[in-house]
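Both ligands and their constituent atoms are indexed starting at 1 by order of listing. The analysis underlying the following values was restricted to heavy atoms, covering all of them including side chains, and did not include hydrogens, waters or symmetry mates. Computed from a predicted model, the values in this text were never measured in an experiment.
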Amino acid sequence: MVRIYRHESLLGFFKGMSFPVASIAVVNSVLFGVYSNALLLLTATSHQERRAQPPSYMHIFLAGCTGGFLQAYFLAPFDLIKVRLQNQTEPRAQPGSPRPRYQGPMHCAASIFQEEGPRGLFRGAWALTLRDTPTLGIYFITYEGLCHQYTPEGQNPSSATVLVAGGFAGIASWVTATPLDVIKSRMQMDGLRGKVYRGVLDCMVSSVRQEGVGVFLRGLTINSARAFPVNAVTFLSYEYLLRWWG
Ligand SMILES: CN(C)C(=N)NCCC[C@H](N)C(=O)O
C-alpha cells in the first residue's frame, strides 16, 4: 500500500476501476439470474416458497456452479482489462515521462484486440471458468446454509443474518478460489511480452517450481478481507430486490 501510494498517489488504488464498475451489474445479473432460474428448474419452487421448502444442498451447489460457469464468460474480458491495468505500474502521465502502455480501459481493450486478436480478449478465460464454476457452488451453499441455520423455520432471514451469511459466503468462495485466481492472473498477463505458459497446468507447475506451493496463497488475505463487505452488500441487495419484485 505504501509503495503504491508513494509511486502513484491515491489514484493508484483506483487503477482499472471503471471497467469492473461498469461490468459488475452485467456479471452479477447473469450470475444471480442463472442461479435463481437453475434452482427454479431443479426444485420447481419459487424464491418465496423456498423458505418453507428449502432446496437440497446438491441442488444449490449445481445451480451455483451453473451460474459461475456462465458468468465467467461475461466476466473474462472485463477481468482481463482490470488485471492488465492493475499490473501497469508506471506513474500517471507527467510531462516528459514515457506514456504508459495502456492509457485507459478502452485503449487497453483496443490494444489487446489489435495486438493479440479477438481471442486475446478471452485470455485466461479457461482458468477463470475453472476458478468460478466450483467456487460459486461453494458461495451459494455457504450463504444458504448459514441463512438456514440462523433463521426460524419458514421465515425470511433477517438483514443481519443476510449480511453475515453473505460475508462468509464471499470469504469461503475466495479462500477456495485463490489458488486458481493466482494462475488466472498469470495467464492473463501472459501474451503481453510473448507467451511464457503453454496452458493452465504448465502455469501451475512452473509457478510452484519457481516460488513453492505458497504461491497459491498469494492475495488470500486481501481477497478475503475485501470479500466480506462486498458480498454482504451483494446478498442484502439480492434478497431485498427479490422480496420487493420477486
Ligand atoms: C471467484 N470467486 C471467489 C467469486 N466469484 N466469488 C463470488 C463473489 C463474487 C463477488 N463479485 C466478489 O468479487 O467477491
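- A cation-pi arrangement is absent between Arg119 and Phe122, since the terminal nitrogen or guanidinium carbon is not both under 6.0 Å from the aromatic centre and inside a 45° cone about the axis.
- The main-chain N or O of Tyr197 is found under 3.5 Å from a side-chain atom of Asp190 such that the two form a donor-acceptor pair.
- Ring pair Phe140/Phe61: centre-to-centre distance not below 6.0 Å.
- Under 4.0 angstrom from ligand 1, the non-hydrogen atoms of Asn231 all belong to its side chain.
- Taking a cutoff of 4.0 Å between a charged side-chain nitrogen and a carboxylate oxygen, Glu115 and Arg123 do not qualify as a salt bridge.
- Using a cutoff of 4.0 Å between basic side-chain nitrogens and carboxylate oxygens, Glu211 and Arg218 are scored as salt-bridged.
- Of the protein's heavy atoms, Ser173 OG, 3.1 Å lies nearest to atom 6 (N) of ligand 1.
- The nearest protein atom to atom 11 (N) of ligand 1, hydrogens excluded, is given as Ile24 CD1, 4.1 Å; this is a heavy-atom distance.
- Those atoms of ligand 1 that come under 4.0 Å of a heavy atom in Ala177, given as number and element, are 1 (C), 3 (C).
- Phe228 has its ring centre less than 6.0 Å from the ring centre of Phe168.
- Below 3.5 Å of separation, one finds an N or O of Trp174 facing an N or O of ligand 1.
- Under a 4.0 angstrom heavy-atom cut-off, Arg226 registers as being in contact with ligand 1.
- Of all the heavy atoms of Asp132, the ones lying under 4.0 Å from any atom of ligand 1 belong exclusively to the side chain.
- Using a 4.0 Å cut-off between heavy atoms, Tyr139 contacts ligand 1 through its side chain alone, with no backbone atom that close.
- You'll find the side chain of Lys184 reaches within 4.5 Å of the side chain of Asp79, heavy atoms only.
- Residue contacts with ligand 1, taken as heavy atom pairs separated by less than 4.0 Å, involve Leu136 solely via side-chain atoms from C-beta onward.
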